[in-house]
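Notes follow once the structure below has been shown.
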There are 2 protein chains.
Amino acid sequence: MIDDNRHRILNAAARIYAQHGWRGATTRRIADEAGVNEVTLFRHFGSKESLLDQMMQVCAAARANGPTLPLVPENPQDELFEWSSAQHALITGMRSIVRQMISEAEERPRVGGCAADGPAAAAGELRDYMVRLRRAGIIADHVPPVEATAAATMLMGALFADAMNRDLMTTMFPQSVDESLRAYVRIFLRGVGALPEQVADDSRSATRSTTLTSVSE
Amino acid sequence: MIDDNRHRILNAAARIYAQHGWRGATTRRIADEAGVNEVTLFRHFGSKESLLDQMMQVCAAARANGPTLPLVPENPQDELFEWSSAQHALITGMRSIVRQMISEAEERPRVGGCAADGPAAAAGELRDYMVRLRRAGIIADHVPPVEATAAATMLMGALFADAMNRDLMTTMFPQSVDESLRAYVRIFLRGVGALPEQVADDSRSATRSTTLTSVSE
DNA sequence: TGCATATGCAAGCACATACTTGCTCCGCAA
DNA sequence: TTGCGGAGCAAGTATGTGCTTGCATATGCA
């Protein structure tokens, strides 16, 4: 309500930046998108750089609360699927802006750092969950911990690549998001040495909860 | 030799575009990088758009010959590792330019199409190899074909994400490229139902060939 | 009523960028 | 020697872009 224009400008800046990148996000375009005179933009933020900096901070803060995995694992397959689903939805929601940040990370290191810690936190969460799985006896002991780390990176990488590329390389993703994520999780669990009875080939369970497309919270 | 400047300009354009993107790749910068007067750039290519278009075509042609997987699988683990290694090196070598292309794919669809078919071909190669694995009895029958497709996408996604993000998000990749790729392949094989004796936990084999960092051919 | 703050509008400035024009110089082949 | 094509150089044009200034208007608070 108060300082409404400030938020309008920040939101407009996020949209324009996601579409056109740093150089393409001109102050005129941002002001137009916000429905605001270009001058008020400078009166509020002083410079384009300062505006985009603040926009990134807001963006990073908004993304802070990612999904979590349960402290005591019970049904790893379902738990991991829901977590992956939320993670995937999160990345998909910011894919445009993330693409821009990544492409500009070499030129503007500050931008890159902003985009990096989200996935890093997620991978950490996954690794922690996996030691819980091992302690609970769900994951066999013969898989070395180094491989568990790599497995976490691998699943995160697959989720990341899926969310980033699915809309661009349509031929590479013939299956629906749900089907793909379910398969990723099953392959992950088998690959990491989960005992066979933990990895049900759930044709029923898959169709049962195929209705939910994204988990927002 | 003949038309030397043409190639110099095209190479310079590729380098500058990879660093700064479309908007950042100004004709002045490209001409400077090529050691050539800006005017000769226009005399050769007519416009910036035409120059960058031709640069992308050259780039796509150079990337055409990716690695292949053997027609008759013998040692899936080693074969997949070498293929993954080559694939990873290929993506790593073009990661800057790929990052730019992806970030501009929404704005300039032509650019996106150019970047898409490389990974698509690789995923196809992987899928074909997997049906050979199944026919050879190396992969168990109880894994449905749908999941095999997803597995191929998953491995490709992990390779892609690793190659694209390793230099930016250093904390997410504590292990060396070789260690990671070897682990990805093992997890992939186990996850896809490869019979246990095919997936050796090769502490020796891993250290043995840990010296080669990239397979160029 | 008064005053401060926020906003809009019009204009402008300095610079960068895509692209053009006109000229000169150089090497090479007829 | 003449002519021709490729290249450099200097200058210029039209537009885009970040940012400033000056002035008018509205809104809300004392």
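Labels below follow one simple rule: chain letters A, B, ... track the order of the sequence lines, proteins then strands, and each chain is numbered from 1.
Under 3.5 Å, the side chains of Glu104(B) and Tyr17(B) contain a donor-acceptor pair of N or O atoms. Checked by atom type, the side-chain pair His88(A)/Asp162(A) shows a donor-acceptor distance below 3.5 Å.
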From CA spacing to verdict: salt bridge (charged side-chain N to carboxylate O under 4.0 Å, His left out), Asp53(B), Arg108(B): CA-CA 11 Å; Asp53(B) 270 4; Arg108(B) 274 175 251 275; over 6 Å; no
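Under 3.5 Å, the side chain of Arg43(B) and the base of dG8(D) form at least one donor-acceptor pair of N or O atoms.
Atom CZ of Arg99(A) is separated from atom CE of Met94(A) by 12.0 Å, given to the nearest 0.5 angstrom. Here the CH2 atom belonging to Trp22(B) is positioned 10.0 Å from the CD atom belonging to Glu107(B), to the nearest 0.5 angstrom.
Here dT15(D) presents its C1' atom at 14 Å from NZ of Lys48(B), a figure rounded to the nearest Å. For Phe45(A) and dT20(D), the CZ to P distance is 15 Å, given to the nearest whole Å. One atom, CZ of Arg23(B), and another, P of dT17(D), lie 8 Å apart when rounded to the nearest Å. A straight line from CD1 of Ile9(B) to C1' of dA7(D) spans 11 Å, rounded to a whole angstrom. A straight line from CZ of Phe42(A) to C1' of dG22(D) spans 17 Å, rounded to a whole angstrom.
An OP1 or OP2 oxygen of dG8(D) is reached within less than 4.0 angstrom by a side-chain nitrogen or oxygen of Thr40(B). Phosphate contact (OP1/OP2 of dA7(D), side-chain N/O of His44(B), threshold under 4.0 Å): present. The side chain of Asn5(B) places no N or O atom within less than 4.0 Å of a non-bridging phosphate oxygen (OP1 or OP2) of dG6(D).
The stretch residues 24-39 of chain B touches DNA chain D through Val36(B), Asn37(B), Val39(B), each having a heavy atom within less than 4.0 Å of the strand.
A cation-pi geometry, defined here as NZ or CZ lying under 6.0 Å from the six-membered ring centre and within 45° of its normal, does not hold between Arg134(B) and Tyr129(B).
Using a 4.5 Å heavy-atom threshold, the side chains of Thr153(B) and Ser180(A) count as separate. A heavy-atom distance below 4.5 Å is found between the side chains of Asp178(A) and Phe81(A).
Screening residues 24-36 of chain B for salt bridge (Lys or Arg N to Asp or Glu O under 4.0 Å), with sequence neighbours left out, gives Arg15(B)-Glu33(B), Arg28(B)-Glu38(B).
If you walk DNA chain C from 5' to 3' and mark each nucleotide with an atom closer than 4.0 Å to a heavy atom of chain A, the marks span dT7(C) to dA10(C).
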